[in-house]
**Q** 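Pasting a structure here, questions to come.
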Amino acid sequence: MEERRQRPHEIICKNRNMLEVSGVVGVESFDSEEFLLGTDCGYLGIRGRELHIKNLDLMSGMVTIEGQFDDISYLDTNTPPSERQKNLLGRLFK
């Protein structure tokens, strides 16, 4: 199995309307109210209003999101992938 090098993971929030995230490996889903990012430290959920991607560079693992942020949280990384998927779908379709 190929082992990939873990990149540094940081979240920088500026004035609650700009979020810079490093260590991003993929954007799983997004809309104007919720983003789900795959990071080297697990899935990161971002909720808010009028959210949009300002910059996306998966080669360097950087994502910049603008909008009004209400919640930033990690999904439990100790949960098996099948359970995370169920929890994610439950959160998305509340």
Side-chain angles (χ1 to χ4, degrees):
M1 179 178 214
E2 181 182 322
E3 186 175 324
R4 87 186 148 116
R5 193 176 134 236
Q6 188 171 1
R7 295 175 273 197
H9 174 58
E10 294 181 325
I11 300 172
I12 301 170
C13 185
K14 298 178 181 178
N15 298 321
R16 200 174 169 187
N17 62 12
M18 183 183 295
L19 193 69
E20 296 176 353
V21 184
S22 64
V24 175
V25 295
V27 178
E28 300 299 321
S29 66
F30 68 94
D31 60 30
S32 64
E33 295 181 347
E34 188 168 45
F35 275 70
L36 179 62
L37 304 177
T39 75
D40 285 325
C41 293
Y43 287 105
L44 178 65
I46 301 163
R47 288 184 174 176
R49 292 164 291 190
E50 300 176 22
L51 302 179
H52 62 275
I53 294 177
K54 180 179 178 188
N55 183 37
L56 173 63
D57 183 355
L58 292 179
M59 292 297 289
S60 67
M62 292 292 300
V63 175
T64 304
I65 301 170
E66 290 183 328
Q68 182 67 36
F69 303 106
D70 296 329
D71 180 61
I72 301 168
S73 60
Y74 289 94
L75 279 83
D76 186 3
T77 57
N78 295 327
T79 305
S82 61
E83 288 299 313
R84 278 192 294 224
Q85 185 72 11
K86 289 178 192 174
N87 291 341
L88 170 64
L89 292 174
R91 289 177 63 190
L92 290 175
F93 295 109
K94 278 187 177 179

**Q** Shortest non-hydrogen contact from F30 to V27?
**A** CD2-CG1, 3.7 Å

**Q** Can you spot which of I72, L19, L36 makes a side-chain contact (heavy atoms from CB on, under 4.5 Å) with L44?
**A** I72

**Q** Same cluster or not: M18 versus F35, using hydrophobic residues (I, L, V, M, F, W, Y) connected whenever any side-chain heavy atoms lie under 4.5 Å apart?
**A** no

**Q** Could you give me the CA-CA distance, side-chain angles and deciding distance for V21 and H9, then say whether side chain to side chain contact (heavy atoms under 4.5 Å, CB included) is met?
**A** CA-CA 7 Å; V21 184; H9 174 58; 3.8 Å; yes

**Q** Determine the minimum heavy-atom distance between N17 and F69, stating which atoms define it.
**A** C-CE1, 3.5 Å

**Q** From Y43 OH over to L75 CG, what is the distance, rounded to the nearest 0.5 angstrom?
**A** 9.0 Å

**Q** What's the separation between atom CD in E33 and atom CD1 in I46, rounded to the nearest 0.5 Å?
**A** 14.0 Å

**Q** Is the closest basic N to carboxylate O distance between D70 and R16 below 4.0 Å?
**A** yes

**Q** Hey, could you give me the CG/CG distance between L37 and L56, rounded to the nearest 0.5 Å?
**A** 9.0 Å

**Q** Do any N or O atoms from the side chain of S22 and from the backbone of E10 form a donor-acceptor pair under 3.5 angstrom?
**A** yes

**Q** Quick one: do I65 and M62 end up in the same hydrophobic cluster if we chain Ile, Leu, Val, Met, Phe, Trp and Tyr together by side-chain heavy atoms under 4.5 Å apart?
**A** no

**Q** Testing the basics here: between G48 and L51, what is the closest heavy-atom pair and its distance to 0.1 Å?
**A** N-CD1, 3.7 Å

**Q** What's the shortest heavy-atom distance between G38 and E28, and which atoms?
**A** N-CG, 4.2 Å

